Structures are given as C-alpha cells and as structure tokens.
Amino acid sequence: EFMSRIRGGCNSSTLRVSSKRNNAIVDKIDILIPLDQKAIEHLNKRITKETIIFSEKANFNDNFKDKCKMVEVAFSDIAKEIGNKLYSNTVAAGLISGLFSVDINIFNEFVKQGFADKLDDIINANLEAGKKGYEIGTGLLKSESIKIEVNKDCIVQNEIIINGTEAIGMGCIAGGCDFVSSYPMSPSTGVLIFLAAQSEKFDILVEQAEDEIAAINMALGAWYAGARGMATTSGGGFALMGEGVSLSGMTETPVVIHIAQRPGPATGLPTRTEQGDLNLVLYSGHGEFPRIIYAPGDLQDGFDLAYRAFNQADKFQIPVFILSDQYFVDSYYNTPAFDVSKLEVEHYIVKTEKDYKRYELTENGLSPRGIPGYGEGLVAVDSDEHDEYGRITESMDVRSAMSDKRLKKLDLILDDLLAPVLVGPKNYKNLIIAWGSTLNVIKESLDKLGRNDTALLHFKQVYPLHPETINYLKKAEHTIIIENNATSQFGNLIKQDTGLEIDTKILKYTGLAFTVEEVVDNLINLI
Amino acid sequence: EFMSRIRGGCNSSTLRVSSKRNNAIVDKIDILIPLDQKAIEHLNKRITKETIIFSEKANFNDNFKDKCKMVEVAFSDIAKEIGNKLYSNTVAAGLISGLFSVDINIFNEFVKQGFADKLDDIINANLEAGKKGYEIGTGLLKSESIKIEVNKDCIVQNEIIINGTEAIGMGCIAGGCDFVSSYPMSPSTGVLIFLAAQSEKFDILVEQAEDEIAAINMALGAWYAGARGMATTSGGGFALMGEGVSLSGMTETPVVIHIAQRPGPATGLPTRTEQGDLNLVLYSGHGEFPRIIYAPGDLQDGFDLAYRAFNQADKFQIPVFILSDQYFVDSYYNTPAFDVSKLEVEHYIVKTEKDYKRYELTENGLSPRGIPGYGEGLVAVDSDEHDEYGRITESMDVRSAMSDKRLKKLDLILDDLLAPVLVGPKNYKNLIIAWGSTLNVIKESLDKLGRNDTALLHFKQVYPLHPETINYLKKAEHTIIIENNATSQFGNLIKQDTGLEIDTKILKYTGLAFTVEEVVDNLINLI
Amino acid sequence: MDSKVYDIENCDIAWCPGCGNFNILKTVKMALAELEIKPQDLVISSGIGQAPKTPQYMNINYYNGLHGRSLSPAVAIKAVNPELTVVVQGGDGCNYGEGGNHFIHNIRRNPNITHLVHNNMVYGLTKGQASPTTQKGFKTPVQVAGVILEPFNPIAVAIALDASFVARAFSGDTDQTKEIIKKAINHKGYALVDIFQPCVTFNKVNTYKWFKDNTYYLEDSYDPADRFEAFKKAIETDKFPLGVIYKSVEKPSFEENLVVYKNNPEPLVFRNENRRKKLEELVNSKK
Amino acid sequence: MDSKVYDIENCDIAWCPGCGNFNILKTVKMALAELEIKPQDLVISSGIGQAPKTPQYMNINYYNGLHGRSLSPAVAIKAVNPELTVVVQGGDGCNYGEGGNHFIHNIRRNPNITHLVHNNMVYGLTKGQASPTTQKGFKTPVQVAGVILEPFNPIAVAIALDASFVARAFSGDTDQTKEIIKKAINHKGYALVDIFQPCVTFNKVNTYKWFKDNTYYLEDSYDPADRFEAFKKAIETDKFPLGVIYKSVEKPSFEENLVVYKNNPEPLVFRNENRRKKLEELVNSKK
Ligand SMILES: Cc1ncc(C[n+]2csc(CCOP(=O)(O)OP(=O)(O)O)c2C)c(N)n1
Ligand SMILES: Cc1ncc(C[n+]2csc(CCOP(=O)(O)OP(=O)(O)O)c2C)c(N)n1
Ligand code: SF4
Ligand code: SF4
Ligand SMILES: [Mg+2]
Ligand SMILES: [Mg+2]
C-alpha cells in the first residue's frame, strides 16, 4: 500500500511470514515497525491486542498503550550513530531478520543487492545498520521476551520471490515478446521497466511512445511486420487504445495488451487497486470481433497467461488482454521456480507465395498470416472492409463473408479455453466465484473457514466464458461472487452468458484489496 | 445508399411515395430511373415484374428486357439540348413530379432552392429541364400508359420533410445546446454542419477540434464553465473519447455525445449503416459511473431525445448519449412539424456561496452544480478521487463515499426513464424487440403481416433498461429481436438485465438497413 | 492584493522537499496578486503529474482534468466565458508528450490564455522516465541505454507556429519568473511560459546548479518581435535564454474571432435568450 | 525497373476526375521504379482519407490503418525489419490534424522512413471541412464564417524540430516531384515531403493555377544545410518555395540508435534464438 506521491505521505508495507504457503493479504498486524509519527494512527484498524510494535519513543502513540504490546528500539539513534538517520530502515530490516532467524549471510546479500548502485561507503554503513538490528532481534528471541514460531522450509530455498510484475514480464519473454511500446502509467509501468531491464539480454525492442495511441499502433505495426509486440497500460491509458483494438480486430493483426487496473473513473486513485475495468476491456473498440481476456490469480498464472497470450494472439490473429491490477503486480511472495523447459514460442507465420491473399476465406475463418519481405507474396492489410487481397470493398456480399470470417474465429477460441479452477470440495453447497487477483485471499479464507460444503470457482480466463460455468453454478445452493469493484462486472458477464443471477455479491471498492479477515467475516455471515 | 467516394461509383437514392405514412425502406422498386449503365445491374435484386424503368437507351440493360417494364426517355438528349448533360438529373426529377401530379409551382420552388448558390443561368436551365421532364410525366399519365395511385393528403402540407440529422440538430437547439466541438466523421458530420449553419441565429459556438480527444475535452470544459456542449462523432472517433467519458463520470460534469453508427470494426464501411456500437457506448470509459443512452426510432424521437439529452445530462451531471446510425441520419421523410411550445431548457446551475463545495455529499448523490465566476464560491473539479471541495484525496472512506454518491445517481435515473413503446396488440403471442432506427421498417412490416398476435416493443432509451422490460418479455410465447448487427448486442443487454434469452434473433450486418420485405420474409417463417 | 488570498489552510502538499514546484506555486500566487485577479475570476486548468497538482494548493477555481488534456478545456472555458482569467498549468510530459497535438493546434487558435509548463525534463509523478524534453543520453529505468530521441523544443515549435507570446523562465528565480508570468497573463492571446524546474528526486542531471549554469537572461535590448532572431535564440543549446523570446505582431484572439462575439460581448454562458420563436421558424422552414 | 510492376489490373480508383492524387500515384510509382525497389521490399503505411487510398492502387505491401495513425506502425515496421523500405502516405488532415502528435514525436525519433503528405488544404474524404493547412478565411459548411485559425506550417515545425530532411513539392509537376521523392527515399533518416495537391471538388481556392502561381522552385545555389535560411524559407507565404528546404547535419537513424541493432544487424523479425536457457537463468536469479 502506498500513496500517489514520491516522498512522504503515509505508506506502509505488509510482509507476511508463515510456514504454510500463504500469499494473501491480512488485516491483522502481528509486528509493526512505525517509522514516523503518523504510522500507528494510520494503521489503527489493523492493530490488535496481539500486535507487537517495535518503535522508538517519538513514533509511538500513547493512545495505543493498552491496545497492544510495545517494545522500544531506538532505530534513529542507532542509525545516526552509524552516520545517517536514513539507515534506520535497514536497522528495522535487520531486526526482523533476526527475529525470524534468517541466515545472516542471506540477509547481508540482500542488503548488498538492494544498494548495489550506491557507493561502497553507503553499502557498508547499511550492512552495519543491518547487523545492529539483527543483533537486537536475536537478543529479543534469546531473552524469550518474544516467541515466534515459523518453521523453515527447505522447499522454499528452491522457490523464487517475485511480484506480479516480474511474473508477467517473464511470461512475456517466454511468449516470445520482442517489441514493447508503452506510455508510462501506474501501476502498469513495472512491466515496461522489467522488460527494459531484460531488453539487451533477450533482444527486446523497448520504446516509450508519445501517448497510448502511438503505443498500440506501434505494437500493431510490429506484429504486422513479424514481431511479437505488446503494450502495457492502465485503465485511463487503455481507454485511449480502443480504436487500435478495433483495428486489430479488423485487420486480424495480433496484439497483446497488459492492463493493470487501478480505481477509476478518470485519474481516480493511481496507486491503489480495483477490478473495475473488466467491462472496458471486454467491449473496447467499435464494431464486432473476437478477443480473449486473461486475469491471473497468482504468480504462476501471471507467468503462464502472459506466455500464452502471445501464442493465442498469433494463433487466432486477435487482440489478447492480460488483465491484472495494482494489488497483483505489486505483491511479492515466494512461488516455485517457473518451469520453462516445455514452453514453445509457437510460430504461425507463413512464407508467402506469389498470389498471396492475406484474407483468404477458409473454412474456419483463419487465413494464413504472412509478413512483408518474407516470400514472394504481398501482404496488404486494411482497416476498411476488404476483400481477400486486403483491398477496400463496398460489396455487401464480401462484407458479410468477412464479418462471418472474423466472428467465426470465436468458435476456435471456444475450443481452446482455460477452464475455471475449482478449489475445495466437489460437492459444494456454497460456491464462491472470483476472478483474477483475489485468488489467494479467498483460498486462504476458505482454509480458515474450514467448511466442507463451500468451494471456490476461480476464473483466470474471464472471456470467453467457459461453457461449464453454467453447470458449476447450477450445482450450488448458494452462489456468492467476490469482486474488487462496485457493480459486479464479472457477475453481470456471467448472467449475460448463463442467464443466472448470482445470489450474493461481496464487493469492495475502497481502493484496497480484500483481506483474509474481511472475506472470512463476510462469508461467516452468509454460509 | 451511397458509396464512400466523392464522385462516381454506383449510388442510388430511394424515394417512397405513398398515401399512408410509410417511412421505411423497401426492397421492391416501383419506378427506376438509371442514370448510368451500371445502375440496373447494381439494383438487380430489387427489380420485379412490376418495376417500371424510365431510361434512355444507353443505360438500359438487355438482360432485363422481360423482367420489367421499360419506357424510353431520352434524358441526356433533352438535357444536352438545354445546354449540358448534367441537367438530366433535373429532367428525371421533373418526370417524377409530373407522374405524381406534384404542383408545378412547388416543384419549381424546390429546384430554385436546390440551386440557390448557383448562377441564374444555371437555375433557369434547371427549371427548363424540370419542366421538360414534368411534361413527359403528365403526358404519360394522360396517355394512361401508366397509372399511379397516390392520394394527396392535406395534412402533409403542414408536415416537414427532414432527415434524422436535422431532427437531432433541431433537438439540440431545443435542448439549449450552445457549444459544439467535433472532428468530422461520416455519418455524424451532418449534425455538426447543421448546427454550424444555425450557429449565428442561435448563438452556438461551433469549433472543429484537432481530434476527437480535444472535442470531448472541450465540450467538458464548456459545461464546466456553464455552457451546454456536445460532440458528434461515429464509432471510431468515439473509441478515442472513452477517457473523456470517464472524466465526465468522475468530475460529474455533464456532456452530450451523438454517435452515428456505421459498420466497423476500424474504418469498416464509412458510408453504410449498422447498430454495432451499443456495447462500446455502454461501457466506454474506465471505472464505474452512471450514464444514459437514447436511440431514436423516428424523426420525432430524434428531436425529442436530443432535446431531452441536454436536460438529463445537466440534471444528473452525467454523460448522455444519442445513439443513431447512418440510415437514421440520412433518411428523409415527412413528419408532423415539431411542437416547440412546451419545451423548456431546464436550468440546474446554482449561484455559489462562499464555502461552496462542488461535491457536497447529499442524500440522493446530487450536489448542486456551480460554475466559475457566478457567485462567491470557488468551483474545483478533480479527475482524481476527491473530497467534497474537489480536492485530491487518498482516504478510503472518502473514496467509498464518493463512489457511492456517483453510483447512487443511477436510482434517480431509474425513476426518470422513457418506457419502451408497444406497437400492436396488447395480448400478443409473439413479441418483436427492437431499438433505435429499425422502428419504421418493423412497424410497416407488422402492418403488412396484419397479425393480431404479434406486437413490437421498441426501445428509444436503451440504457438503463426500463424495469417493465422483463414483464413484457415474460408475457410473450415467442420473443424475436431484430438488430442491425451480428452479435445481438441489445439482446445480450436484455439478457444481462432480465436473465431471459430471446428466442429468435434476426440480425443483419451487410452494411445496409433492413427492408420491409426482408423483415416480412423473416417473420413469416417464424410466426 | 495580498497573495495570501490564494492560500489554503492546512494544505498537505505532496511534493518532495526541495522540489522546484514549491517556488513556482509561490511565484504564481504573487504574480496573480500583483495583477489583482480575484480567485473567483480565475480558473486554472491542469492535467495529471506533479506540476498539475499546483492548482490543488491554491484557493481558486480549478479544472484538474486528464493527463495531457489541460489545454482543450481551458480554451473552451475561456471561449464560453471570456471574462474569466484562464491559466493552464502542467508538466513537460503532460503538455508536450500526451498533449502534444493540443499544444500545436491551440497555438493556431490563439486563445487568450496563459500556458505555464513546469519543465523538469522528466516524468516526475510516474517516477523518472524520459519526458519529451529529456536531454539525450539521460538514463532511466525505461531508457536503460540512455535517451536516443532529440529533445522536443517547445520554444522553437511555438515560434514556427507564430505563437503570439513565447517565454522561458527558471523556477529558481522568483522575481524574474514572476515578471514573465505577469507579462504572459497580461498578454492578449496565447502565451507560453516554459519554466525550467528542477526535479530533485528523478533528475540528478538537470539540477538547480545545472539550470543556473546553463541559462542566461536575454538583454534588455533584445527585440522579441524579430521572428528570425527569436528562432535563433530558440535553438541555442549551449546556454538556454530566459525571458520573453518571441512576440508576434498583434493579432485577434480566438474569442475575438468567434462569430458569437461579433455583435455581442456578453459571455455565452450568461446569455439567456428564449429560442422558441426562432426554433419554430426553423422547423416551419422545413415544410 | 518498369513502373508497371506496381500497377494493379482493373484497378477501380475512387478519386474524382482531375484530382491531384492521380499524378502523385503515378509519380510515386516512377520514383520507386527508378530506385529499383521491389514491391516485396516496400511497405506503404497509410491512414484514412483520399490520399491514404494511394497504396490501395499499387501492387505492394501495405498497411492501411487508422486515420491519423500511419506514422506509428511505420516506425515500428521499419524498426523490427530495417531491410524494408517504408513509406508513409496520407493527407494533411491525417498527418497534421488527427496525427499531429505522432508527427512531432517521430521527427524526434528520426526513423529511416519517407513521409509523403498530400496537402490539399482541405478534408477531402469527409467532404470539404477545413484541414490544419487550410488558409484563413476559407469557407466550408463547418467553418461557415471562414477559417479563423492560423494555418499549420509543417515545414517550419519540422525545421524547428531539426527534422533530417524537409521538402515541399507540387503534384502538378511530375518530374521535379519524382526527383524530390527519390531524394527523400534515398535519405537516411526521417524525410518529409509535403506535396501540394489540388482537390478539384472541395477546394476551389487552392487550384492547379493557384498552386502554380503561388509557388517557386528553390534555386540550385540554395543550401538546405543552413537552418536559419531554411526557417526563413519555411515561413514565406507570398509564394511557397518548392524543393528540398532543409537537411540537418547527418545523424543516426532511430534504428541505428536501437540497442537491438548495436551488435547484430539482422532484422529483429528474422532472429530465432531460443530463449529457454537465458530465461531459466533469469528465473533462477530470483531465488
Ligand atoms: C492517459 C494517461 N496516461 C498516463 C498517465 C500516467 N501519468 C501521470 S503523470 C505522467 C507524467 C508526468 O510527467 P510530467 O507531465 O512531466 O509531470 P511531472 O510529474 O514531471 O510534473 C504520466 C505518464 C495518466 N495519468 N494518464
Ligand atoms: C478517428 C477518425 N476520425 C475521423 C475520421 C473521418 N475522416 C476520414 S478521412 C478524414 C479527413 C480527410 O482529410 P485528409 O487527411 O486531409 O485527407 P484527404 O481526404 O483530403 O486526402 C476524416 C476526418 C476517421 N476515419 N477516423
Ligand atoms: S518527483 Fe520531482 S517533480 Fe515530483 S515532487 Fe518530487 S522533486 Fe518535484
Ligand atoms: S474530393 Fe478532392 S482530394 Fe478527394 S478525390 Fe476528389 S478531388 Fe481528390
Ligand atoms: Mg515533468
Ligand atoms: Mg486533405
């Protein structure tokens, strides 16, 4: 959680440590280290009797005296001693590592990496600061004034710790992405930055566009010429890309777009989260043409779906969307290292023959896609209604045929869907429905609830909807949808598809993600 | 019907004359005057045994010899005699007027008006040409080689003949529109041109924007400062306005947008018709906020809804859309003169007090709207989430309150809907559902069918849907929707709202409007 | 007038300590106060970025719209109510990047508004990517190998389009910047002031010192009416000239050119003529 | 090469008889043929309007995209496959109006493409509204009282942004226009050719005769390397100069500046390296 400003403001980071795989966000704070005076007040609602606050005197808030446990640590003084008050962050990090008995070498490596671009002096001072904090942590443990129970797990050593941005970025690389044109916009810029950092290693052309319209039109040009382009943006930027999306639909030029949602309308809350742009993505672009929308639930999904997006875009010659959100892209946790051994960049481009027709009418609607300069043919694409050669036409018969051809691809797409994932008992009475980034929070909530009559149906492909959806819903006595928006956009899509109204809607649109406690509290009253 | 080119190409105009009020388009041609060689071939499918073709030899097509009745008229020769081959159009117009016994004075007036910006010589030559044609027409009538039965109707003398563009344009004027910023795009430019022509008389500021993004942002600025602004565009241009629509939603600045649909995706068929952008308009803009969408069925609707759009936008402080299409805006026919005597420009702007809060939280979500320079208050609007004063905020509580406030306006809107109109028997078994420009064609088709078990439910407000919709549908044994698109966008909206799937869908997406015969043929097989 | 009338109590300013925007905020308030412009008679239109937050910290009317779109509403506001003083404020990205098309076309319109661009040669709010004015070679997390695009030259472009008033200032110099802004507001027609503004967090190259070292004030003898000289000045890059660089021959503003004001000076928004009769005539003319 | 290789059989051309576009079509074909550019190696990117239909009437690869957006795909096409010859073709509205932002920012990029703008000073396809280059006072059904905006000066703006090649031609003169287009295509870097083109249907002011009377060719002695002289020429309006008006000092093209081509000239689209190993390394680096 952070505010839309560069320095200052009241920001907090939440770190969860657990011996089980828990990747969700919780309300309750176990350990709090306030680094300024406003912090405690700001987090007020998340402090319980069990919370331990490590704080220097100045940052403690007397109103909380009896509401939690307070341990004084003179972070600033220790830091100043080493040379600069700014090091107090590192003291705090050391303290936590000590408390959790993190190997001191691992911790030191971490510090070195974090300050890699700084002067040696600064690195050493930070190492020193970390050490001081670490010692306090281990000291507290030894004195048994604090007990912390986390089992170390060897598997985790083989896991990676990344955030959603990195998962998607690596998926793009796996999918053969070699062209990115985007205009910066929180919280989507991370993917652009990630790919820029990898651009030399992987031969990726990264270009910051002058606006989002240029971004999508460049990405389309890149695909036309044979590259695999993408754009990353957020709702407001994407709202400018609609005409380009429509062009992709008409010219059957593939394109991949990542949209990291944030609360709207308009500028809204630039650094917070929401699932409010599903409808926008679903219906962007004028006219009628098929599309695919993926919404990753966890890091593995982020990787898999970004990878898949490029292959599917190329295969069906359509726009494919990866719909994430601020909570997803900015949340770090550990996950098994991605297995890249079986991933293929599927090639669909054909070498053209002399009389090549870009829009040849075929049985299934797909015309082999050529690119300029590869083969003897000529590749003409047209934003106007066109004939098989890609030439402008006003013939009604050709229009109908081409319209049918484009829409027919939906049948192929329907044969190649990712099914929603059922988590929990097959013989559920209550069915929770969710999509995208709420996966982990809801999973953990159900674990907490421990009910054997309640399951979660999670969608990572939100469009087109899987035909089994209706059967899953019909089996339930009570259907409940959980969405991070105010109008239940996915619930409406389900109703449009299945005709079934979901019984109960749990909606949150404060700008923050759901927490486990919230979901549990909500569900307890319902099931 | 005309092609997307400036001169040449194969274009045809259809003129219907009838003693009943028939405003629809029919396939069957009664009288055809081909003015070039390709015309007959082009209209092939619409020629029947009863068709009479008036043509000079050169333009006649021998293949049609036995398929229709042919009368030779040497249009070009007559025209050349008068001075220029170009006058043959006017000869043809005269011929038709003669055939239908139009008063020669009315005809001459018409010619004079049509060529008002031309030299006197040209006007006189055209009058002469018209006269020649007229004489041929009356001659044919007298010789009784042709019989035409149309009763003249005095009421019609008090009617106006206009097209959809003019109806909407006059409605905008009635609604107090005093600012138009738009970027030209067929078929929406007509409204811009109409208002430009009236700008001096009605004090309307008309500005051609550099692009559609400027257009909507200018219109929003105009409303903010107290004017009543609009933009007119088509699907592709509107696809660029999404971010602005979202801004309207967030800042609660009213705006009116006219979208004249044409077939997409992308450039599509610029001069043809379709109802393919309902979804786009319904979901344009990121984030969640209320809106209204009107879709005129006939000229009276065009006038009424454009008028109403401005008042409703101002009242609810939201974007209001008028969704027409090429067929609607370009079709001329006669209709009773609009009654302007009871129309009010409803004023909602308040004079501000010292501590004015633009986003004051009120019970119903509406905050009195002030404008800068009118009163002692200050008017601050913000695209970020904001507090009551319009200042940027990141408070979750304020966010929720403001989100609720904006969405709450939907309840007020729901209390102020235009009900769908039922045409035909109340005790229907078959219910045809339609929206927007298909009204007249379907009405006439039902007349033709003369079934007392079949009614039409026509929507001129397509969003939000009227709550009675579900009851209308439930009463029917068989529901049939007719839409000028490929995916039944309105049918999907109805399903999303009511959960009811419409039984049968009649869809057309060739770029042309439905004709009466088509609708009749389709229905005959179904009911 | 005391510039305090523009102050807001308990104003929570989100800029980094040391940011050049603070001084621009102060300077703008001073300029407005010296020109005796009442808060009620002023509208500032801004976009999104660090610079566009400026009006949020002032006690005035404002229209804080979309990133890149601050000029379009401003022109419309001025056009429908010419009695208002209308200022546009924002960053280099907002005005020359996303909003570049409105920049070039509104110069052509010549609306009577003042355009203040806080030019920090970087995207501040989105954390340090290149902006159109970023100098070549500048490295960022997106431009990892350094910027390869030619920097956008707003002064030269404005002169190429014969903008009616073109100036450049430096946020570090309150007095002169204030005078330039006053001239811009007093100027009838479109007035651009590109204000160099250090971003202490994301631009470690173009710092206060750098701007001091790389700018100079035009001499008093300099004649801004000479378009060629102005163009020469505009493309100087060893040191950037500060001051009023170009003033075109006097020409009517957009609003003055509008038909709606040809015979009637009353702002469009305050006119209240009942249209019924004329509309009835119009309808009947279609019989 | 015979320019017939670019011809299409039974080509149904939608332009009005007498339109200046016919001659541009012919001239472009001739220029391409003289440069021996194979249809397969050429891509023309265009937008929407009368002018952008040109590639539809040629036997080549083309990308006929959106109104105003022809530059963006062109730059990307050239960047991912520099072996292609890439030309952008369209109207004054498409390129300077709707597409104005891409115009100014792609000049900054300096991609090695040729930009041909058919400048008829009007919106042809949408039937005669003002375009950015329409002269003042020109009446249209939208600009009922005549155009009040200053005409957009693409030549001056391009020079202000130090475009690497800036020229103007007149469609009525096949020979010279052909030579200018050849130079533009041969030029390494961004090359603008603004081509005056009479629209016989909607522009009754700027006719063939008008363009003849109001233009002149730059003398052989004229040195396009002098930026100030070029700017002077650019803002002349009594008569418009034709020819190559400006050439900047030589500079690397966008593609040459790209990191992906620093050590490897092979077009991006033909590279086929398997990324698995490197990707595995990247994944494991996150442990
Ligand atoms: C349509 C859109 N695209 C992108 C953004 C994200 N964005 C916000 S501010 C900004 C750039 C800020 O740079 P600048 O305009 O120079 O202002 P500064 O912060 O440097 O003052 C961007 C890209 C946005 N809000 N809207
Ligand atoms: C986004 C969008 N806006 C508007 C249009 C409508 N439109 C098509 S061509 C054109 C202008 C044509 O003028 P110009 O570019 O000068 O080309 P010309 O026809 O004169 O050659 C316009 C406005 C469009 N196709 N797309
Ligand atoms: S990031 Fe830069 S521009 Fe933004 S507030 Fe900080 S110093 Fe100022
Ligand atoms: S309208 Fe003008 S530009 Fe278009 S084809 Fe006709 S003459 Fe040419
Ligand atoms: Mg900036
Ligand atoms: Mg043009």
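In this text, all values refer to a predicted model and were calculated from it rather than measured experimentally. Chain naming here is simple, since letters A, B, ... match the order of the sequence lines and numbering starts at 1 in each.
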Could you check which of Y389(B), F338(B), Y224(B) has the highest count of heavy-atom pairs closer than 4.5 Å to chain C?
Y224(B)
In terms of heavy-atom pairs under 4.5 Å, which option from I160(B), D211(B), I204(B), V206(B) contacts chain C the most?
I160(B)
Let me know if I104(C) has heavy atoms under 4.5 Å from chain B in its side chain, its backbone, both or neither.
neither
Above 12 or not: heavy atoms from other molecules or residues under 6.0 Å from NZ of K26(C)?
no
Before you tell me yes or no, could you show the steps for Y62(C) and S45(C) under side chain to side chain contact (heavy atoms under 4.5 Å, CB included), namely the whole-Å CA-CA distance, both residues' side-chain angles and the distance that decides it to 0.1 Å?
CA-CA 6 Å; Y62(C) 65 75; S45(C) 170; over 6 Å; no
Reference residue R228(B); test salt bridge (charged side-chain N to carboxylate O under 4.0 Å, His left out); the match among D314(B), D178(B), D203(B)
D314(B)
Under 3.5 Å side-chain donor-acceptor pair for S395(B) and T393(B)
no
Filtered by a 4.5 Å non-hydrogen cutoff, the part of residues 88-100 of chain C contacting chain B is none
If you tally heavy-atom pairs under 4.5 Å against chain B, which of L282(C), V259(C), L84(C), V43(C) wins?
L282(C)
Tell me, please, which residues at least two apart from Q300(B) pass side-chain hydrogen bond (donor to acceptor under 3.5 Å, both in side chains).
D304(B)
Is the closest side-chain heavy-atom distance between F310(B) and R308(B) below 4.5 Å?
no
Taking every heavy-atom pair that is under 4.5 Å apart, which of Q198(B), M218(B), K201(B), R391(B) has the most such pairs with chain C?
R391(B)
After noting the C-alpha distance and the side-chain angles of K287(C) and E159(B), does the key distance pass the salt bridge (Lys or Arg N to Asp or Glu O under 4.0 Å) rule?
CA-CA 6 Å; K287(C) 274 181 185 166; E159(B) 299 205 340; over 6 Å; no
The reported gap from NZ in K53(C) to CG in L25(C) (rounded to nearest 0.5 angstrom) is 13.0 Å
Examine the side chains of T85(C) and D41(C) and answer whether a donor and an acceptor come within less than 3.5 Å of each other.
no
Checked I162(B), T251(B), I161(B), I213(B) vs chain C; the most non-hydrogen pairs under 4.5 Å come from I213(B)
Fit a plane to each ring of F165(C) and H187(C), take the angle between them on a 0 to 90° scale, and name the class: parallel (under 30°), tilted (30 to 60°) or perpendicular (over 60°).
tilted
Below 4.5 Å from any heavy atom of chain B, which atoms of N101(C) appear? Answer side chain, backbone, both or neither.
both
Below 4.5 Å from any heavy atom of chain B, which atoms of P55(C) appear? Answer side chain, backbone, both or neither.
backbone
Based on non-hydrogen pairs under 4.5 Å, which of P372(B), G244(B), S181(B) is most in contact with chain C?
P372(B)
N263(C) atom CG, over 12 foreign heavy atoms within 6.0 Å
no
Counting heavy-atom pairs under 4.5 Å with chain B, the top scorer among L258(C), N106(C), I77(C) is I77(C)
Contacting region of E166(B) [heavy-atom separation from chain C under 4.5 Å]
side chain
Return yes when atom CD of E256(C) has more than 12 non-hydrogen atoms of other residues, nucleotides or ligands closer than 6.0 Å, and no otherwise.
yes
Checking heavy atoms, do the side chain of L71(C), its backbone, both or neither come under 4.5 Å from chain B?
neither
At a 4.5 Å cut-off on heavy atoms, which part of N59(C) comes close to chain B: side chain, backbone, both, or neither?
both
Is H386(B) close to chain C through its backbone or its side chain, or both, or neither, when contacts mean heavy atoms under 4.5 Å?
neither
Please classify the contact of S341(B) with chain C as side chain, backbone, both or neither, using a heavy-atom distance under 4.5 Å.
backbone
Between Q40(C), H67(C), R108(C), which has the largest tally of heavy atom pairs under 4.5 Å with chain B?
Q40(C)
Which portion of L279(C) sits near chain B, non-hydrogen atoms under 4.5 angstrom
both
Please name the pair of heavy atoms, one in S70(C) and one in S46(C), separated by the smallest distance, quoted to 0.1 Å.
CB-C, 3.5 Å
Between V283(C) and chain B, which part of the residue has a heavy atom less than 4.5 Å away: side chain, backbone, both or neither?
both
Any idea which heavy atoms bring E212(B) and L240(B) closest together, and the distance?
OE1-CD1, 3.5 Å
Give the member of R271(C), H105(C), K38(C), Q56(C) that has the highest number of heavy-atom pairs under 4.5 Å with chain B.
Q56(C)
In terms of heavy-atom pairs under 4.5 Å with chain B, which of L268(C), V269(C), N61(C) leads?
N61(C)
What verdict does the salt bridge (Lys or Arg N to Asp or Glu O under 4.0 Å) test give for K278(C) and E273(C), after you've listed the backbone C-alpha separation in whole Å, the side-chain angles of each residue and the deciding distance to 0.1 Å?
CA-CA 10 Å; K278(C) 283 186 188 165; E273(C) 206 203 353; 3.4 Å; yes
Atom pair CD (E376(B)) and CG (D355(B)), whose distance is rounded to the nearest 0.5 Å
12.5 Å
Where on F179(B) is there a heavy atom nearer than 4.5 Å to chain C: the side chain, the backbone, both, or neither?
side chain
Considering only heavy atoms, which portion of R276(C) lies under 4.5 Å from any heavy atom of chain B: side chain, backbone, both, or neither?
both
Part of R109(C) lying under 4.5 Å from any heavy atom of chain B:
side chain
How close do E360(B) and E388(B) get, counting heavy atoms only, and between which atoms?
CA-OE2, 3.2 Å
Is L205(B) in contact with chain C via its backbone, its side chain, both, or neither, using a 4.5 Å heavy-atom distance?
both
So which part of I349(B) gets closer than 4.5 Å to some heavy atom of chain C, the side chain, the backbone, both or neither?
neither
Please round to the nearest 0.5 Å and tell me the distance separating atom OG of S367(B) and atom OH of Y359(B).
8.5 Å
